[in-house]
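The structure appears right after this line, and notes come after that.
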Amino acid sequence: MVNQGPIAEFAMSQPVSSAPVVQTQSLAKTFHVDGKSVVALESVDLTINPGEFISFVGPSGCGKSTLLNMIAGLLPKTSGQVLIHGQPVAEPSKRVGFMFQAPVLLPWRTVENNVLMPAEVFGLKVNDIRDKARAVLKTVGLGDFINAYPRQLSGGMQQRVALARVLTYEPEVLLMDEPFGALDEFTREAMNLELLRITRAANITVLFVTHNITEAVFMSDRVVVMTPRPGKVSGIIDVPLPRPREIELMHQPMFTDLTFQVRSILGGTHGGH
Amino acid sequence: MAVTDTIDAASVVPRTEAQIQRRYRLISVAITVVILGLWEIVPALGLVNPIILPQFSKVVWALGTLVIQDFFLQHFTVTLTEILLGFVLGTAIGLALGIALAVWPAVKQVTYPFVVGFQAIPKIVFAPLFIAWFGFDQTSKVVMAIVIAFFPVLINTMVGLESVPQDAKKLMRSLRATPLQTFWKVSLPHALPIIFAGVKAALTFAVIGAIVGEFVGASEGLGYLLDLYNNQLQIDRVFAVIVVLAAIGALGYFLLEWLDRKLIFWREDENR
């Protein structure tokens with residue numbers, strides 16, 4: 001419950017409603033490579049509620065990144081619909097934040113100016129955002145590094161800057177494509193806990209792509225299990241574990257059960273082809 | 001015994017970066033002194049005809065007597081103007097074309113074969129043509145300097161802008177940045193170190209362009225003087241002019257190097 005001031009504050013600005021935030025209806029993607037059609041994703045129907053933490057887990061080629069990119073409006077869909085608050089998505093929106101596996105910081109900007117970059121792009125007055133940017137940087141533990149340059153930071157700290165950058169513009173939905181996948185095990189665990197703390201406090205809806213089953217179960221309200229060739233949703237597992245989640249949770253029989261369920265769905269299709 | 005101990009102890013102490021740098025500089029100075037010394041001694045001993053290679057001191061003397069004369073200053077100004085105009089205009093043209101080729105794929109598709117074909121031509125062959133087209137005075141030399149200088153800037157600008165990481169472009173798309181915002185905030189700063197390498201090359205090429213232009217046909221300028229003194233077998237003065245041209249090139253290069261380090265501060269650590 002430390003340092004939650006600014007985050008809790010912008011949690012208030014999120015619309016409180018039980019209507020779904022994100023919906024996909026028969027969403028599909030086919031790529032055309034060298035005259036051949038490759039089905040990257042078969043018809044996906046999902047309904048995601050406000051404040052939910054959803055993980056997408058599956059091996060490479062299961063279409064989880066494709067799905068995330070289409071929800072973000074970064075990749076054109078072949079058929080179907082993506083709805084955010086009931087509105088069809090055609091292009092990226094300020095209400096949806098995207099975080100990559102790489103921090104993607106601009107090396108010529110200080111930490112603070114990296115965090116302020118989106119505000120510049122949105123045409124906002126940077127000085128109005130500066131206080132909030134600093135508060136968010138403090139929340140992610142970078143209060144003392146606002147004037148540092150990215151090359152002076154470790155990989156984990158750089159990814160914290162990326163998190164601060166996206167949180168500062170208060171997206172309702174946070175799309176994360178293996179955001180901590182490039183970090184070492186210990187840093188990743190710490191980052192996961194921090195992400196949970198911040199997004200649960202601010203009631204931000206998170207769509208989190210990973211290929212780590214344990215991580216997916218630990219973080220999520222629901223785990224969407226995906227399988228490749230062609231990419232599709234093979235099952236959705238509810239995770240009714242209490243929050244806030246602590247690392248000790250991983251030793252409980254229910255946790256082990258849930259990871260086993262995910263694993264069996266993934267394994268069940270492996271022999272099929 | 002005591003003396004050897006002290007020496008051993010001193011040699012074991014690790015050298016600091018500054019000490020190593022100083023040592024390297026000392027070696028450079030030593031090499032320079034040896035070369036200049038040979039240059040002084042070899043013609044004096046008659047090993048080389050002093051008409052072909054005048055002693056170093058003669059060159060220094062020629063340089064000293066040349067640079068204080070008004071006519072030399074005029075020739076110097078003429079060539080310096082040609083170099084600077086060729087460099088600035090060549091850089092501007094290279095930058096503009098490089099941006100156009102990188103930003104509009106259609107422009108690249110259509111013009112790139114011409115660009116490559118043009119680069120395949122040794123551009124010195126244009127020098128007589130430019131004199132026929134633009135006359136005997138400075139214009140033809142400036143055009144020559146531009147034509148040689150713009151190319152490295154064009155290529156480096158294009159390559160630099162095209163090497164912007166996909167992730168950075170995707171980030172800007174996720175923020176709905178306009179193409180202009182992406183260009184100014186991401187692409188151009190990213191390309192700047194590569195562009196600057198091209199700009200440094202452009203300066204050297206502008207010097208070559210101006211001098212070659214003057215060689216082919218001119219009535220003024222350092223290239224003209226060089227040709228004149230060479231025909232008159234005033235080799236000491238030939239060397240003096242070469243020293244002045246080298247000084248122009250070196251000074252310009254160091255200025256650009258300094259600007260590079262100021263402008264692209266975030267690259268510094270990688271170089272070390």
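Remember, predicted model here, so these are calculated numbers, not experimental data. Residue numbers start from 1 in every chain, and the chains themselves are labelled A, B, ... in the order their sequence lines are given, proteins ahead of strands.
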Is there a donor-acceptor pair closer than 3.5 Å between any side-chain N or O of B:Arg173 and the backbone N or O of A:Pro92? no
Given that the side chain runs from C-beta out, which part of A:Glu120 has a heavy atom under 4.5 Å from chain B: side chain, backbone, both or neither? both
To the nearest 0.5 Å, atom CG of A:Asp177 lies from atom CG of B:Asp167 at 9.5 Å
State, yes or no, whether a side-chain contact exists between A:Trp108 and B:Leu192 at a heavy-atom distance under 4.5 Å. no
Engaged part of A:Leu74 at the chain B interface, taking heavy atoms whose separation is under 4.5 Å: both
How long is the straight-line distance from CE of A:Met117 back to CE of B:Met172, given to the nearest 0.5 Å? 4.5 Å
Over 12 non-hydrogen atoms of neighbours within 6.0 angstrom of CZ in B:Phe215: yes
Top residue by heavy-atom pair count (under 4.5 Å) with chain B, among A:Met99, A:Gln101, A:Arg165? A:Arg165
B:Leu171 and A:Val104 have their tightest heavy-atom pair at CD2-O, 3.8 Å
